[in-house]
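Computed from a prediction, not measured in an experiment: that's the story for all the values here.
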Amino acid sequence: MNADRMLLVEDLPSVFKDLSPIPQNDGPDRVCVIQYPSAFALSYNYMRAVWEAKEFSERALKLSATCLKLNPANYTVWNFRRRCLSSLGLSSDRETIRKDLELTASLGGENPKNYQIWYHRRALLETYGARDFMEEELAYIEEVLGIDSKNYHAWSYRQWILMTVDDDSIWEKEMGFVSRLIQEDVRNNSAWNQRWLVSHRGKRGNHPLSLDVARREADFAIEKGARLDPYNESPWRYLVGILREQHQRQQKDNIGSTDDFTRNVIAEYEAKASGLRTVLEEAQRNPDTCVNMTSARIDLLEMVGTKESLEVATQLATSLATEHDPFRKKYWWLVVKRLQNQAKSTSGS
């Protein structure tokens with residue numbers, strides 16, 4: 001952390017000689033008093049004095065950095081720091097924002113999942129604008145994810161940047177990024193989740209993919225996910241989600257009628273899913289024990305919705321309930337009942 005961005009603890013009495021430090025008040029009935037280090041206690045005593053004085057000065061801004069170095073998780077100090085930046089007219093100064101992003105990075109090194117640090121980065125760019133710092137921020141997040149690929153706060157912040165800027169070229173770059181992450185670790189569930197966001201360009205609600213893009217994503221789920229690790233749930237759920245979206249759009253557009261083309265597309269991918277049984281057989285594994293693959297097949301067969309497909313789905317669900325997924329047998333019996341009722345109401349294949 002740059003020395004000009006913070007105050008030394010030993011200098012606080014002289015810098016704030018016009019203020020009286022305010023000790024922490026633990027109340028009259030305190031049972032156990034926390035013994036804070038002297039530097040910590042002194043810094044926060046002066047911080048409370050600054051708050052009492054409602055002072056949003058440059059020295060107060062530097063004091064906030066001193067206090068945050070001692071406790072990066074203090075959300076009250078982070079909020080106060082942003083108020084100082086605003087009062088000093090620095091929220092729109094690019095160099096100040098850059099230095100504050102550097103500050104959060106230095107404080108976040110040992111606290112990569114500290115929510116306050118990530119929120120401060122976002123709050124800074126919400127005021128200043130995300131586009132100017134987009135490339136640097138995406139690079140920083142990638143560095144953090146390289147250490148922990150499942151850092152929820154890092155992913156959430158990355159998604160906010162992408163959706164805020166919302167540029168086609170950035171979405172394309174991000175698709176390459178998540179594709180690489182999945183190829184490096186097919187079990188990176190966070191990357192699968194990110195791929196959904198990127199393929200949909202961050203759109204919320206009823207914004208289904210075109211059929212061509214849906215096919216591309218379904219192929220990726222099969223070939224770059226499920227084929228490499230059939231036991232991993234993520235590619236199967238991704239495949240089902242992509243095709244279910246198409247199925248629901250077809251139902252909405254056709255007021256509940258069955259569209260043969262959409263049904264055939266889903267049947268095509270169910271056949272591909274079933275074909276991956278050979279991958280397990282070649283590895284001398286029993287395909288019937290691959291619960292995630294079977295579960296996905298059941299979902300796809302149900303979407304196909306013919307009497308024949310529903311009967312096959314019922315058989316698969318029964319096998320999970322009776323033998324291969326006993327921990328969820330009550331759930332699978334409910335699925336069996338639902339499929340049987342659907343089959344009864346279906347006139348033919």
Side-chain angles (χ1 to χ4, degrees), residues 1-12 14-16 19 39 43-44 46-47 49-51 53-147 151 153-167 169-170 173-174 177:
M1 186 186 301
N2 293 337
D4 63 339
R5 303 294 291 171
M6 63 179 294
L7 297 172
L8 298 178
V9 176
E10 55 267 30
D11 293 338
L12 296 182
S14 60
V15 174
F16 293 97
L19 295 178
S43 298
Y44 276 85
Y46 276 107
M47 190 82 262
V50 168
W51 290 338
K54 294 182 173 59
E55 178 184 327
F56 302 101
S57 62
E58 184 176 349
R59 67 175 184 175
L61 180 66
K62 292 182 177 181
L63 175 61
S64 71
T66 304
C67 290
L68 288 169
K69 183 178 182 181
L70 296 167
N71 180 15
N74 192 311
Y75 61 87
T76 306
V77 179
W78 281 113
N79 181 65
F80 175 76
R81 182 173 184 84
R82 289 190 290 274
R83 294 183 66 184
C84 281
L85 290 171
S86 178
S87 296
L88 293 169
L90 297 175
S91 297
S92 59
D93 181 72
R94 193 180 197 285
E95 183 62 17
T96 297
I97 300 303
R98 183 187 64 78
K99 288 185 176 181
D100 239 50
L101 292 172
E102 290 177 355
L103 169 67
T104 61
S106 66
L107 294 176
E110 297 180 357
N111 304 274
K113 293 188 177 180
N114 182 339
Y115 170 72
Q116 309 307 329
I117 289 176
W118 291 104
Y119 180 78
H120 186 69
R121 301 184 82 94
R122 172 171 171 170
L124 290 173
L125 298 190
E126 281 180 336
T127 301
Y128 181 84
R131 185 175 291 275
D132 283 358
F133 287 95
M134 178 187 61
E135 294 293 346
E136 295 92 328
E137 289 300 273
L138 292 179
Y140 171 70
I141 299 168
E142 182 175 352
E143 181 181 335
V144 172
L145 292 175
I147 300 172
N151 187 322
H153 299 308
W155 279 115
S156 179
Y157 179 51
R158 190 177 185 92
Q159 291 180 356
W160 174 80
I161 291 176
L162 293 169
M163 289 188 291
T164 299
V165 175
D166 195 19
D167 184 275
S169 63
I170 299 304
K173 289 181 180 179
E174 188 69 6
F177 173 67

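Evaluation of the salt bridge (Lys or Arg N to Asp or Glu O under 4.0 Å) rule for R83 yields no partner, not counting sequence neighbours. Taking the side-chain contact (heavy atoms from CB on, under 4.5 Å) definition, one finds that D167 meets it with R131, V165, S169, I170, sequence neighbours left out. Taking the salt bridge (Lys or Arg N to Asp or Glu O under 4.0 Å) definition, one finds that E95 meets it with R98, sequence neighbours left out. F177 meets the ring-ring contact (aromatic ring centres under 6.0 Å, His included) test with no other residue; sequence neighbours excluded. With sequence neighbours excluded, no residue satisfies side-chain contact (heavy atoms from CB on, under 4.5 Å) with S92. With sequence neighbours excluded, the residues satisfying salt bridge (Lys or Arg N to Asp or Glu O under 4.0 Å) with E126 are R122.
The side-chain heavy atoms of L85 and L124, taken from C-beta on, include a pair separated by under 4.5 Å. Looking only at side-chain heavy atoms (C-beta outward), T66 and Y46 stay at 4.5 Å or farther from each other. Residues Q116 and N74 are not in side-chain contact: their nearest non-hydrogen atoms beyond the backbone lie 4.5 Å or more apart. For the pair W51 and V77, the minimum side-chain heavy-atom distance is below 4.5 Å. A heavy-atom distance below 4.5 Å is not found between the side chains of I97 and D132.
Distance check: E137 CD to E142 CD gives 13.0 Å after rounding to the nearest 0.5 Å.
With ring centers used as reference points, Y128 lies under 6.0 Å from F133.
At distances below 3.5 Å, at least one donor-acceptor pair connects side-chain atoms of W78 with backbone N or O atoms of P72.
Test Y115, Y140, W118 against Y157 for ring-ring contact (aromatic ring centres under 6.0 Å, His included) and you get one pass: W118. Residue D100 is tested with R5, R121, R82 for a side chain to side chain donor-acceptor pair (under 3.5 Å); the sole match is R5. For the side-chain contact (heavy atoms from CB on, under 4.5 Å) criterion with H120, the lone passing option out of L107, T104, L125 is T104.
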